[in-house]
*Asks:* 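The structure that follows is given in the form of structure tokens.
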Amino acid sequence: MDAFQDHYPDNVAHCYGCGRLNPHGHQIKTVWDGDETVTVYQPEPFHTSVPGFAYGGLIASLIDCHSTGTAAAAMYRQEGRDMDSLPAFRFVTGSLHVDFLKPTPIDAPVEIRGRVQEIKGRKVVVRTEVRSGGVLTARGEVVAVQMPENFGA
């Protein structure tokens, strides 16, 4: 299955967290798993906060980009459209809230799972959890706002 991010139009595929055209970014890949979305990501040694653990900015970034990708996929799903159909749905972060529950180990992949809480007009609310080795380490909520077509023009 193709990841949501594989369908982003080139002009909005440069995001540090999720852009496939950013060779220095995380390049996360998110897919549907039933009514949830899932991303698996392996932190790199340079993502260290203290030895053995990922820094919080990485975790927040993963929650952010996973959630905005989930918002886009949810809009396509709601309209019964393929993710490469036009006009493209692309979202930016209106609000990001993260609760860090436990330190996230850096030596194992993290699983990020999101669930849409609400779709209202151009706004999608997504709740996302981060687990390492099955242990919940962080939880977040993103209010994603649909980008206008002329964003950045």
*Asks:* Before giving the answer on side-chain contact (heavy atoms from CB on, under 4.5 Å), spell out for Val50 and Thr48 the whole-Å C-alpha distance, their side-chain angles and the decisive distance to 0.1 Å.
*Replies:* CA-CA 6 Å; Val50 296; Thr48 297; 5.6 Å; no

*Asks:* Okay, side chain of Asp6, backbone of Ala3: is any donor-acceptor separation there less than 3.5 Å?
*Replies:*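 Looks like yes, one N/O pair under 3.5 Å.
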
*Asks:* Are the side chain of Gln42 and the backbone N or O of Ile106 linked by a donor-acceptor pair below 3.5 Å?
*Replies:*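 Such a contact is found between Gln42 side chain and Ile106 backbone.
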
*Asks:* Is it true that Glu111 and Arg131 make a salt bridge, defined as a side-chain N closer than 4.0 Å to a carboxylate O?
*Replies:* no

*Asks:* Just wondering, do Ile112 and Tyr41 contact through their side chains at under 4.5 Å, heavy atoms?
*Replies:*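 They are in side-chain contact.
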
*Asks:* Knowing that exactly one of Thr128, Leu58, Val126 qualifies, which makes a side-chain contact (heavy atoms from CB on, under 4.5 Å) with Ile63?
*Replies:* Thr128

*Asks:* In sequence, state the C-alpha distance, the side-chain angles, and the governing distance for Gln27 and Arg20, and then conclude on side-chain hydrogen bond (donor to acceptor under 3.5 Å, both in side chains).
*Replies:* CA-CA 5 Å; Gln27 296 189 3; Arg20 73 179 186 289; over 6 Å; no

*Asks:* With a cut-off of under 6.0 Å to the ring centre and 45° to the axis, is Arg90 in cation-pi contact with Tyr8?
*Replies:* yes

*Asks:* Judged by atom type as modelled, is there a donor-acceptor pair below 3.5 Å linking the side chain of Thr70 to the main-chain atoms of His66?
*Replies:*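 Checked: pair present.
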
*Asks:* For the rings on His26 and His47, is their centre-to-centre separation under 6.0 Å?
*Replies:*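 Ring centres of His47 and His26 closer than 6.0 Å.
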
*Asks:* Which residue, Thr93, Leu96, Val124, Val145, forms the side-chain contact (heavy atoms from CB on, under 4.5 Å) with Thr68?
*Replies:* Thr93

*Asks:* With respect to Phe4, which candidate in Trp32, Tyr76, Phe89 satisfies the side-chain contact (heavy atoms from CB on, under 4.5 Å) definition?
*Replies:* Trp32

*Asks:* Evaluate Val110 against Thr104 for side-chain contact (heavy atoms from CB on, under 4.5 Å), listing each step before the verdict.
*Replies:* CA-CA 8 Å; Val110 293; Thr104 303; 3.5 Å; yes

*Asks:* Distance-only, no hydrogens or angles: does the Arg139 side chain make a donor-acceptor pair with backbone N or O of Asp99 under 3.5 Å?
*Replies:* no

*Asks:* Any donor and acceptor pair, going by atom type alone, linking the side chain of Asn22 with main-chain N or O of Gly25 inside 3.5 Å?
*Replies:* yes

